[in-house]
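In this text, all values refer to a predicted model and were calculated from it rather than measured experimentally. Below, each value reflects all heavy atoms present in this structure, side chains not excepted, and no hydrogens, waters or symmetry copies. Order of appearance sets the numbers: ligands from 1, and atoms from 1 within every ligand.
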Amino acid sequence: MIVEYIRYRIAEADAAAFEEAYGRAARALTAAPQCVDYELTRCVDEPGRYVLRITWTSAADHLEGFRKGEHFPAFFAEIRPYVESIEEMRHYGPTAVRGRGGSVPTLYEWAGGSAAFERLTETFYGKVLKDDLIGPLFAGMDPGHPRYVAMWLSEVFGGPERYSAERGGYAHMVRQHLGKAITEPQRRRWVNLLMDAADEVGLPDDPEFRAAFAGYVEWGTRLARGNSQSGATPPLEAPMPHWGWGVAPPYIPNS
Ligand code: HEM
């Protein structure tokens, strides 16, 4: 692989048109089999400077494959007006100096974001509705329920705070369980079906993710069961829970 850096200096008045042109040109990069990935960044300290980074499968694939290939004409048509503004355009190869920083992805990111939780809850509630033990509890379920629970899980695992903003947050969720008199066998069935769904939709199955995921599910379902008993008065103004990796963050090899 080889990285091409193209440095531009663009007048403030042309910046918006430049970004739009690259937005269109990028479709050709997305389609090109020689392109691994690309990113256009704008200098924060000097907004007139831009750097486009394109990773190619090789320099030859870029120069021979892409430049002489079917996608180049559409790409070049968009960026032609900015060729004069290029300050540097070169290929760079890797050196031995490379590594990862210490940042740890959230469980939400690791799982695959909102789309992954939506796939999970769609499959899960499909199973729930057919289940003899807990299906009846959900007989009058709001059709949006799988999506709302995906929003809830996304937020708990470090994703966007959409359940709080759009669905009434913690208090609304707790109220939904009041009086449902969930039994232990029902709680356990809920857990089992969720884990089956996690396997079915391909949530990450590394030990660290599944341990953290199962930890939250145990905690949450036990609270839901407790809150659902007759006479329970759970606090409604408690904060939204946020779940992390706990003692076992993911192992990310440094390569
Ligand atoms: C980690 C555990 C759990 C989570 C995260 C969770 C999440 C939620 C959320 C977010 C809602 C409200 C959705 C909305 O905004 O309308 C809800 C409602 C509900 N939950 Fe749970 N829940 C859990 C455990 C359980 C268990 C163990 C049961 C029963 C076995 C259960 C039964 C219900 C029912 C029946 C509703 C009302 C559904 C409807 O009629 O629309 N929940 N849950």
Number the atoms of ligand 1 from 1 as they appear, then name those within less than 4.0 Å of a heavy atom of [X], with their elements.
| X | answer |
| --- | --- |
| Q176 | 12 (C), 18 (C), 37 (C) |
| D142 | 41 (O) |
| I182 | 26 (C), 28 (C), 29 (C), 30 (C), 31 (C) |

Which atom name would you report as the N, O or S atom of H177 nearest atom 21 (Fe) of ligand 1?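 The H177 atom nearest to atom 21 (Fe) of ligand 1, restricting to N, O or S, is NE2.
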Q.
Going by side chain to side chain contact (heavy atoms under 4.5 Å, CB included), L153 matches just one of Y163, Y216, Y148. Which one?
A.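 Among the candidates, only Y216 passes.
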Quick test of your reading of the structure: of [options], whose heavy atom lies closest to [atom]?
| atom | options | answer |
| --- | --- | --- |
| atom 38 (C) of ligand 1 | K180, R175, H145, R222 | H145 |
| atom 16 (O) of ligand 1 | R167, M151, R225 | R167 |
| atom 30 (C) of ligand 1 | Y216, W243, W190 | W190 |

Subject >> Distance flag, aromatic centroids of F75 and F66, threshold under 6.0 Å >> reply: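 Centroid distance F66-F75: below 6.0 Å, so yes.
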Exercise. Any chance the rings of F18 and Y8 have centres within less than 6.0 Å?
Worked result: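 For F18 and Y8, the ring centres are under 6.0 Å apart.
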Does the pair R49/E88 count as a salt bridge with the N-to-O cut at 4.0 Å?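 Answer for the salt bridge query: no.
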* Charged N to carboxylate O below 4.0 Å: is that the case for K127 and D196? ->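 Judged by the 4.0 Å cut-off on N to carboxylate O distance, K127 and D196 do not form a salt bridge.
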Shortest non-hydrogen separation from P204 to F209 and the atoms involved:
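Shortest heavy-atom contact: O-CD2, 3.2 Å.
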Do any heavy atoms of W219 fall under 4.0 Å from ligand 1?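 No, W219 has no heavy atoms under 4.0 Å from ligand 1.
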